[in-house]
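Worksheet: the structure to be examined is printed underneath.
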Amino acid sequence: MTQLTASPAWQALQLQAQRIGDQHMRDWFAQQPERAGRYSLSDCGITLDYSKNRINDAVLESLFALAKQQQVTSKRDAMFAGQVVNHTEGRAVLHTALRDFSGDSIWVNDSDVTPEIKATQVRIKAFVEAIHNGTHKGYTGKPIKQVVSIGIGGSFLGPKIMSEALKPYWQQGLNVHFVANVDGCHIQDVLAGLDHEETLVVMSSKSFSTQETLQNTLTAKDWFLRSGGTQQDIAKHFVAVSSNVKAATEFGIAEDNIFPMWDWVGGRYSLWSAIGLPIALRLGYEHYEALLKGAYEMDCHFKTAPLEQNMPVIMALLGVWYTNFFGAQSHVLLPYYHYLRGFPAYVQQLDMESNGKSVAAEKETVDYATGPVIWGSEGTNGQHSFHQLIHQGQVLIPADFMLPLKVPNQDATHHAMLASNCFGQTQALMQGKTYEEAYAELEDKGLSEEKRVSLATHKTMPGNKPSNTLLFEQLDPRTLGSLVALYEHKVFVQGAIWNINSFDQWGVELGKVLGNQVLDKIQNADAALDLDGSTNALIERFRNAQ
Ligand SMILES: O=P(O)(O)OC[C@H]1O[C@H](O)[C@H](O)[C@@H](O)[C@@H]1O
């Protein structure tokens, strides 16, 4: 047993899970009219109703005891204080500093990082305004109308998905296109429709060494030069965001066109840094700043709310409850808002890259499940496909439903239908349908008794399936900022409980290294095929097909 699974809080939760046994949420709701109010809380424009979970006061008490035992609050404070919490990479983790509006100093290695953060934000604001008001022009004097944002992973998902989620707040007259995939089809498709004289390329790469991003930028540069621009004109059309200013200048980006970021900002937490430049271009600086402010508000909630009323802590503990004590292996996110449809993919990187780990503390192999598979897509579409498995499959899949109470340009009928589907699903998952109910529904259908019994068995739904419902007053930039920070902190709390480092990604790094080795063998026909038999054969097949 590891320290965690042998611990009193863990053992107590195992007992609680046995006690809960087959008790049904349907009965709890019937017995406790106050249940919904008791297990709900609101802050930062977000209401979390977690009453449709397999919990009672005793379970919650044990979960909070686990959080205390695992020193969640002192780990949280260490992160906010700039301590080296990413111990395998020897780095502080301070994405929260990028959205800190307190005016306090924040120290990393004896130096206050706030002046350089503010200075970069001033530069972003000036640049965005110059693009929007037309003072920054292309080399032929045309205003910039198209932005091609090139980056991958955290240098892509945040900017793209947050821009998409805030479509009602878009700045008119400027299009922003996102390219991540190294598959040439993507960049070719995007560039094909553009006029190079009015196009700005934003190259985003924290490391400035990611193959996909470097290649896509080279292709964009080549396109720009072939279209009539010269080397000298590149300065007006290419900017970069990177913590590796040296590599960016060597690549040919003018130093004045490089927006810095820092090694204490993890890739999947980087949208709050200059990596968010495409968001500011898409929305205008004011809305971009509101996004940061919303995240700051959630930071304040996370830092100050008692554990029992702390939204990220509660969501994290519920996840631990199902992952570790009910064997749930995945968690589904269901945004009932078209513009938020990319959010599951965003949380997928955030959560799976952070908590997909198997070593606790310094070097202890875990004997418990860590991060779940995160998946999902926009409601109501899923109701007509994969929800079936959530209702009647053999696996337990906790769900987060999300709905804005008001949407821009609201069509009352559509919005009522959307809400009714969202609420109806959470209700169906919770209450299910008993055999007796299914049997009764089949009366007067002209069925034989045998057929009626058989059909009723198939139509029976166990229910007791857990879900959270997150309601937003409206999904404006501020609330979206709070929502993203809510999930960031949820992931942090789970990592703290599992005692893992949520801030490295060695598995991903290995993929990058091996990918480059294989590329060398693909491009160099003389290179020895000395890898495993399968990979050698695949490379050979590819070589022969070229
Ligand atoms: O920004 P870059 O250095 O180009 O990195 C892009 C991405 O690379 C890796 O895949 C990391 O796992 C991601 O977290 C990161 O966001």
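One-based numbering, in listed order, for ligands and for the atoms of each.
- Ring to ring, F178 and H186 are not that close: their centroids are 6.0 angstrom or more apart.
- Residue-ligand proximity, G154 to ligand 1, at heavy-atom distances under 4.0 Å covers atoms 15 (C), 16 (O).
- For the atom pair CG of L318 and CG of N468, the computed distance is 5.5 Å after rounding to the nearest 0.5 Å.
- For ligand 1, the atoms closer than 4.0 angstrom to any heavy atom of Q349 are 13 (C), 14 (O), 16 (O).
- Residue pairs meeting the salt bridge (Lys or Arg N to Asp or Glu O under 4.0 Å) criterion with at least one member in residues 167-193: none, sequence neighbours excluded.
- Distance from atom 10 (O) of ligand 1 to its nearest protein heavy atom, with residue and atom name: V508 CG1, 3.2 Å.
- Every atom of ligand 1 is numbered from 1 in the order shown, and the set under 4.0 Å from a heavy atom of K512 is 8 (O), 9 (C), 10 (O).
- Remark: among candidates E353, E212, K206, R268, the nearest residue to atom 11 (C) of ligand 1 is E353, based on non-hydrogen atoms.
- By the 6.0 Å and 45° rule, K293 stacks over the aromatic ring of F101.
- Y269 has its ring centre no less than 6.0 Å from the ring centre of F492.
- Protein heavy atom in closest approach to atom 3 (O) of ligand 1: S207 OG, 2.6 Å.
- Below 4.0 Å from some heavy atom of Q505 lie the following atoms of ligand 1, by number and element: 12 (O).
- Note: no N/O pair closer than 3.5 Å links S204 and ligand 1 by distance alone.
- When hydrogens are left out, the protein atom nearest atom 5 (O) of ligand 1 is T210 OG1, 3.5 Å; that is the closest non-hydrogen contact.
- Counting protein heavy atoms only, atom 7 (C) of ligand 1 is closest to I152 O, 3.7 Å.
- Annotation for ligand 1: atoms under 4.0 Å from non-hydrogen atoms of G153 are 16 (O).
- A cation-pi contact links R282 to W170, judged by a cut-off of 6.0 Å to the six-membered ring centre and 45° from its axis.
- Figure legend: K221 and F238 shown without cation-pi pairing, the cationic atom not lying both under 6.0 angstrom from the six-membered ring centre and within 45 degrees of its axis.
- The aromatic ring centres of Y487 and F343 sit less than 6.0 Å apart.
- For ligand 1, none of its N or O atoms has an N or O atom of F208 under 3.5 Å away.
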